[in-house]
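In each ligand, atom 1 is the first atom listed, and ligand 1 is the first ligand listed. All figures in this text were calculated on a predicted structure; none of them were measured in a lab.
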Amino acid sequence: MTPKARLTRRSPKAERAPEIYRRLARAYPDAHCALDFNDPFQLIVATILSAQCTDKRVNMVTPELFRRYPTAADLAAADPTEVETIIKSTGFFRAKTKSLIGMATAVDAKHGGQVPADMDALVALPGVGRKTANVVLGNAFDTNVGVVVDTHVTRVSRRLALTRQTDPVKIEQDLMKLFPQQSWTMLSHLFIEHGRQICEARKPKCEVCPLSDLCPSSTV
Ligand code: SF4
């Protein structure tokens, strides 16, 4: 039997992918959803608020929001001005308020107040796209339907040459082909963590990166 060829940064992406996952899982054993939530409703609200905003900032405003509006019915009936005041620091607060109240109204009217655990039903809710739906399905319902592709996942996947795409939906399709379905939710947590800690946008720390020998973009 011939020994297995050593993986390098020139190896095909399908061969590098499992080792990339293994190393990131070892590097970030505590990777998880950084948004605070106790149920699917809280997570969908927090995810809508996280657009163009840090998770840390979202976690600062959600306790008050959830205290004032604990259910979809409560948020559906909210005074928009009050919601805007609470969420103002997350940015785009008028559009986000519209999305939150629209989403809550639909959840209350069409789903009996329960966030649906279904991709098609989720993306039909106002203000909910595939990314938000993937966050909710993966983290509140433990269902791996897709991969959350945010700015970190986009950057890390492209630098690792796991995709050449720039459109999040196409990047997601490439990643879904490379990694087993049961790992999809954790995959995005790992890439996000790696993007925050090592593979930073402006100056990636390739010299301390555990993937540098597998990464075609490595500077070392
Ligand atoms: S080697 Fe550099 S570019 Fe590649 S994943 Fe690591 S930090 Fe990012």
> Any donor and acceptor pair, going by atom type alone, linking the side chain of T47 with main-chain N or O of V45 inside 3.5 Å?
Replying inline: no
>> Please report the interatomic distance CE(M176) to CD(Q173), rounded to the nearest 0.5 Å.
In response: 7.5 Å
> What number of protein N, O or S atoms occur at distances under 2.8 Å from atom 4 (Fe) of ligand 1?
Replying inline: 1
> Hey, quick one: are W184 and L35 part of the same hydrophobic cluster, counting side-chain heavy atoms closer than 4.5 Å, chains of contacts allowed?
Replying inline: no
>> Under the side-chain hydrogen bond (donor to acceptor under 3.5 Å, both in side chains) test against E200, which residue among K205, H152, R155 passes?
In response: K205
>> Other residues, nucleotides and ligands only: do more than 12 of their heavy atoms fall within 6.0 Å of CZ on R94?
In response: no
>> Would the distance check show the side chain of R23 and the main-chain N or O of L211 forming a donor-acceptor pair, the cut-off being under 3.5 Å?
In response: no
> Out of curiosity, is H194 lining ligand 1, as in a heavy atom under 4.0 Å away?
Replying inline: yes
